*Asks:* 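This is the structure I have questions about; it appears just below.
This structure is a prediction, so every number in the text was calculated from the model and none was measured. Just so you know, ligand 1 is whichever comes first in the structure, and atom 1 is the first atom listed for that ligand.
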Amino acid sequence: MREKLENNFSEWYNDIIERAQILDIRYPVKGNYVWFPYGFKVRKHVLRVLRSLLDATGHQEALFPLLIPETEFAKEAKHIRGFEDQVYWVTHGGLDPLNVKLALRPTSETAIYPMFKVWIRSHAEMPLKIYQVVNVFRYETKHTRPLIRLREITTFKEAHTAHATKEDAERQVGEAVDVYKNFFDTLGIPYTITRRPDWDKFPGAEYTTAFDTIFPDGKALQIGTVHNLGQNFAKTFDVTFENPEGEQEHIFQTCYGISDRCIAALIAAHGDDKGLCIPPDVAPIQCVIIPIWFKESQKEVNREIEKLKEELKDLRIHVDDRDIRPGQKYFDWEIKGVPLRLELGPRDIRENKVMAVRRDTGEKGSISRKDIKSQVQEILLNITKDMKARAQKELEGKIHESGDLEEAAKIIKDGGGIVRAGWCTAKACAEEIEKKDITVLGLMDEDVTTDCIVCKGQTKVKIQMGKSY
Ligand code: P5A
Ligand code: ZN
C-alpha cells in the first residue's frame, strides 16, 4: 500500500530515510547529511551497477582534485555565469589570504579540461572516456532535501569524453543515454527522456538530454543528464589534437552525470507504507532468515539455520538471531526493505520446508528445502521483475495528454503528474505556460504534428510540462 506515500510524500520520505537508516539528517550544516552504514551499503551496490556499466563501455575511472583555481573556473563565460551564485570559495590557507581563490568544485569541467589539454595529442587517443565518483558542492538556494537537493552532493558520478569529430560526440550522447537507461532499468526506476529547452540547458552545453522520474506527489525529479558540449569548452581551454590530415583542431566533448538523486528515486519508486523496498540487485541483504524458536527446539532450529546459511551462501543473507519476538524482526526488516524473508521453525524442519515472504507483495508461501538456492533466486528474479513493472505502471498513470492549458494546469496542480502537449517553440507561449506556475520540463523526441497548447498554431514539437523539484 502506498497511501501515506501518496498523501504526504515529504513526511513519509523524511521519516523513512531516518527509520530505515539511510541518512542521518541531524548534521549541523544545511544541505549536508550523514550516510548511515546501512544506507552506505545501498549506495555501494548502486555504484557497483553504475561502475560496471561504464567500465563495460570503455570508460576509465580517474580522480581529479576538489579545488579549482578561480583562473580556470572563470574561463568559460557561460559556465561561470551558470554556476557563480552556487560556488563555495576557499579564500584562506590558515591565516593567509590566497593569491588565487579556490572553488570547491560544483562539477569538474574546469578541473578536468585543462588536463585534457595536456593529455590529448592526436586523433588516435580518442575517444577518451573518463569518469569519477566524487563529492561536489553547490550552494543551493532552493529548499534543500536529503538526497534530492544537496549542498554537498556526496555521490556525483560524472563522465567526460573527448572526440575527434562532431559525429563521434553525437554517437557518445547516444551511448551515454543507453548506459543510463540500463542503469535505471536495473534499479527498476521508471523515467522519461527529453531534451531540455534552451534556457534550461547545462551552462556551456550545446544541448542537454535529461532523465526525469515522477515522484508520488506528482513532481518530476531530474535524475540524470547528458550534455553535448560541442567545441565550446575545447575552445575556451584550447584543447586541440592533430587530425589525420596533420592539422590542429579543437576536440568535441560530452559530459554526463548522475547523483544521490538516483537513490532518492529508488526509495520513492519502490517504497510503501511499511517502509523501503529495495530491488534484489542492490539490496545490502537480499534475504533475511528468521529462526522461529520454541524452548525445546532452539538447538535443532539453530542447527538447521546453519545448514540453510550454507546452502544460500552465494546470496547476500542475514540471520536475525536477536533475542526479540519474530514479529518485531519482521517489522524491522520490512522498514529496511529486505526483498525476501525466510522463516524456519520446528514444523518447517519436519516437513523439510521453509516459509518465504515477499516484501513487495506480502505474498507468503511454503517452499521445499530441495534446490532452495535456485528457488530463492527465482523468487528474487520475480520480485525484481514485478517491482519494475509496478513502478513503470504507476509512472504511466502520471503522464497525461492535454490540448487545453487550463486543464493541464489543473492536473498538475492537483498532483496528478506531468502533461504532454504541443508547443510552437515561441518563448512567449512558454511564458504563458510558466505563468500558470508550471514548468516546461523538456522537448520530446517524437515525430508528430499537433497544435500549440497556448496559441493553437500547428507544430511538430511536443513537450512535457509539470512541477519539478
Ligand atoms: C554532467 C556531469 C553536470 O554537472 N557536469 C558533469 C555535468 N550536470 S548537472 O545536470 O548539473 O548535474 C548532474 C546531475 O546531478 C543531479 N544534481 C543534484 N543532485 C543532488 N543535489 C543537487 N543539488 C543536485 N544538482 C544536480 C541532477 O540529477 C543532475 O542531472
Ligand atoms: Zn504557441
Side-chain angles (χ1 to χ4, degrees), residues 23 30-33 50 54 59 64 68 76 79 82-83 86-88 105-113 130-161 173 176-177 180 183-184 189 191 193-194 196 200-205 207-213 220-229 233 253-265 403 405 421-433 440-442 450-463 468-469:
L23 281 196
K30 187 176 152 71
N32 289 225
Y33 308 95
L50 187 52
L54 289 164
H59 294 76
F64 288 78
I68 305 175
E76 219 295 328
H79 190 68
F83 279 105
Q86 291 188 25
V87 177
Y88 284 91
R105 61 182 165 216
T107 167
S108 306
E109 284 73 10
T110 57
I112 296 177
Y113 303 163
I130 296 289
Y131 75 97
Q132 63 174 358
V133 183
V134 294
N135 55 347
V136 299
F137 295 83
R138 293 186 183 180
Y139 182 72
E140 296 277 1
T141 46
K142 276 203 202 165
H143 186 60
T144 52
R145 284 173 206 272
L147 302 174
I148 295 173
R149 179 162 283 104
L150 301 164
R151 285 186 170 177
E152 181 186 8
I153 308 175
T154 68
T155 315
F156 196 66
K157 191 291 297 164
E158 50 178 325
H160 297 267
T161 70
V173 165
V177 167
Y180 285 3
F183 172 66
F184 291 119
I189 297 171
Y191 50 81
I193 302 173
T194 59
R196 287 285 181 254
D200 195 24
K201 67 186 183 188
F202 183 69
Y207 64 86
T208 291
T209 300
F211 284 69
D212 290 292
T213 194
L221 179 71
Q222 173 179 296
I223 50 173
T225 34
V226 179
H227 314 291
N228 190 332
L229 303 177
F233 283 89
Q253 292 177 278
T254 81
C255 69
Y256 30 105
I258 278 187
S259 79
D260 305 72
R261 282 186 182 178
C262 67
I263 294 168
L405 189 55
W423 174 50
C424 66
T425 73
K427 190 74 208 277
C429 286
E431 278 162 7
E432 282 306 309
I433 292 171
V440 176
L441 295 169
T450 180
D451 298 336
C452 173
I453 190 165
V454 182
C455 71
K456 309 296 174 199
Q458 210 185 59
T459 177
K460 294 188 81 64
V461 175
K462 232 166 129 182
I463 53 166
S468 73
Y469 270 94

*Asks:* Taking 4.0 Å as the limit for heavy-atom contacts, which would you say applies to T208 with ligand 1: side chain only, backbone only, both, or neither?
*Replies:*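 Contact part for T208 vs ligand 1: neither.
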
*Asks:* What angle, to the nearest 10°, do the atoms SG (C452) and SG (C455) form about the Zn ion (ligand 2)?
*Replies:*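 For SG of C452 and SG of C455, the angle centred on the Zn ion (ligand 2) reads 110°.
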
*Asks:* Just by modelled atom types, is the S108 backbone N or O under 3.5 Å from a matching donor or acceptor in the E158 side chain?
*Replies:*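 Yes, because the side chain of E158 sits within donor-acceptor range (under 3.5 Å) of the backbone of S108.
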
*Asks:* Looking only at protein heavy atoms, identify the closest one to atom 27 (C) of ligand 1 and say how far it is in Å.
*Replies:*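 Nearest neighbour among protein heavy atoms for atom 27 (C) of ligand 1, to 0.1 Å: R261 NH1, 3.6 Å.
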
*Asks:* For ligand 1, does Y256 get within less than 4.0 Å through its side chain, its backbone, both, or neither, judged by non-hydrogen atoms?
*Replies:*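 The backbone, only.
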
*Asks:* Between the main-chain N or O of G403 and the side-chain N or O of K456, is there a donor-acceptor pair closer than 3.5 Å?
*Replies:*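 Confirmed, K456 side chain pairs with G403 backbone.
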
*Asks:* May I ask you to identify the nearest protein heavy atom to atom 20 (C) of ligand 1, giving residue, atom name and distance to one decimal place in Å?
*Replies:*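 Here the closest protein heavy atom is I148 O, 3.4 Å.
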
*Asks:* Is the shortest N/O to N/O distance between E109 and ligand 1 below 3.5 Å?
*Replies:*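 There is such a contact, yes.
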
*Asks:* Measure the NE2-CZ distance between H143 and R149 for me, rounded to the nearest 0.5 Å.
*Replies:*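 H143 NE2 to R149 CZ: 9.5 Å, rounded to 0.5 Å.
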
*Asks:* Which residue holds the protein heavy atom closest to atom 3 (C) of ligand 1, what is that atom called, and what is the gap in Å?
*Replies:*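 Minimum-distance protein heavy atom for atom 3 (C) of ligand 1 reads F202 CE1, 3.3 Å.
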
*Asks:* Do me a favour and list the nearest non-hydrogen protein atom to atom 22 (C) of ligand 1 with residue, atom name and distance?
*Replies:*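 The answer is I153 CD1, 3.4 Å.
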
*Asks:* Does an N or O from E140, backbone or side chain, lie closer than 3.5 Å to an N or O of ligand 1?
*Replies:*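 N/O-N/O distance below 3.5 Å exists for this pair.
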
*Asks:* At under 4.0 Å between heavy atoms, which part of H227 makes contact with ligand 1: side chain, backbone, both or neither?
*Replies:*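 For H227, the contact with ligand 1 is made by the side chain alone.
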
*Asks:* Which of the listed options, G82, G257, P146, holds the heavy atom that is closest to atom 1 (C) of ligand 1?
*Replies:*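 When every heavy atom of G82, G257, P146 is considered, G257 comes closest to atom 1 (C) of ligand 1.
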
*Asks:* The criterion is side-chain hydrogen bond (donor to acceptor under 3.5 Å, both in side chains); which residues satisfy it with Y469, sequence neighbours excluded?
*Replies:*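 Y469 satisfies side-chain hydrogen bond (donor to acceptor under 3.5 Å, both in side chains) with D217 once adjacent residues are dropped.
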
*Asks:* Any non-hydrogen atom of D260 lying under 4.0 Å from ligand 1?
*Replies:*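 Flag not set, D260 not near ligand 1.
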
*Asks:* Check for me whether R151 meets the cation-pi criterion with Y139, that is, NZ or CZ under 6.0 Å from the six-membered ring centre and within 45 degrees of the ring axis.
*Replies:*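 Satisfied, under 6.0 Å and within 45°.
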
*Asks:* Please work out whether any backbone atom (N, CA, C, O) or any side-chain heavy atom from C-beta onward of Q222 is under 4.0 Å from ligand 1, and answer side chain, backbone, both or neither.
*Replies:*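 Both parts.
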
*Asks:* Using a 4.0 Å heavy-atom cut-off, say whether T225 meets ligand 1 through its side chain, its backbone, both or neither.
*Replies:*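 The answer is both, backbone and side chain.
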
*Asks:* Pairs of nitrogen or oxygen atoms closer than 3.5 Å, one from L150 and one from ligand 1: do any exist?
*Replies:*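 Yes; at least one N/O pair falls below 3.5 Å.
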
*Asks:* For atom 25 (N) of ligand 1, what's the nearest protein heavy-atom neighbour? Residue, atom name and distance, please.
*Replies:*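 It is R138 NH1, 3.4 Å.
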
*Asks:* Are R151 and ligand 1 in contact, using a heavy-atom cut-off of under 4.0 Å?
*Replies:*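 False for this residue.
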
*Asks:* Indicate, as side chain, backbone, both or neither, the part of I223 found under 4.0 angstrom from ligand 1 when only non-hydrogen atoms are considered.
*Replies:*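 Looking at I223 and ligand 1, just backbone atoms fall under 4.0 Å.
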
*Asks:* F83 vs F202 aromatic rings, parallel, tilted or perpendicular, using cut-offs 30° and 60°?
*Replies:*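 The arrangement is perpendicular - the two ring planes meet at more than 60°.
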
*Asks:* Using a strict 4.0 Å cut-off to heavy atoms of F156, name the atoms of ligand 1 that fall inside it.
*Replies:*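 Near F156, the atoms of ligand 1 are 4 (O), 12 (O), 13 (C), 15 (O).
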
*Asks:* Which ligand 1 atoms does T107 reach within 4.0 Å, using its non-hydrogen atoms?
*Replies:*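 Within the 4.0 Å cut-off of T107, ligand 1 contributes 4 (O), 5 (N), 6 (C).
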
*Asks:* Looking at atom 16 (C) of ligand 1, what's its closest protein heavy atom, distance included?
*Replies:*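 The protein heavy atom lying closest is S259 OG, 3.3 Å.
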
*Asks:* Would you confirm whether Q132, through its side chain, and F64, through its main-chain N or O, come within 3.5 Å as a donor-acceptor pair?
*Replies:*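 Yes, Q132 side chain to F64 backbone: donor-acceptor pair under 3.5 Å.
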
*Asks:* Using a 3.5 Å distance criterion without hydrogens, assess whether the side chain of N135 forms a donor-acceptor pair with backbone atoms of E152.
*Replies:*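 Judged by distance alone, no pair lies under 3.5 Å.
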
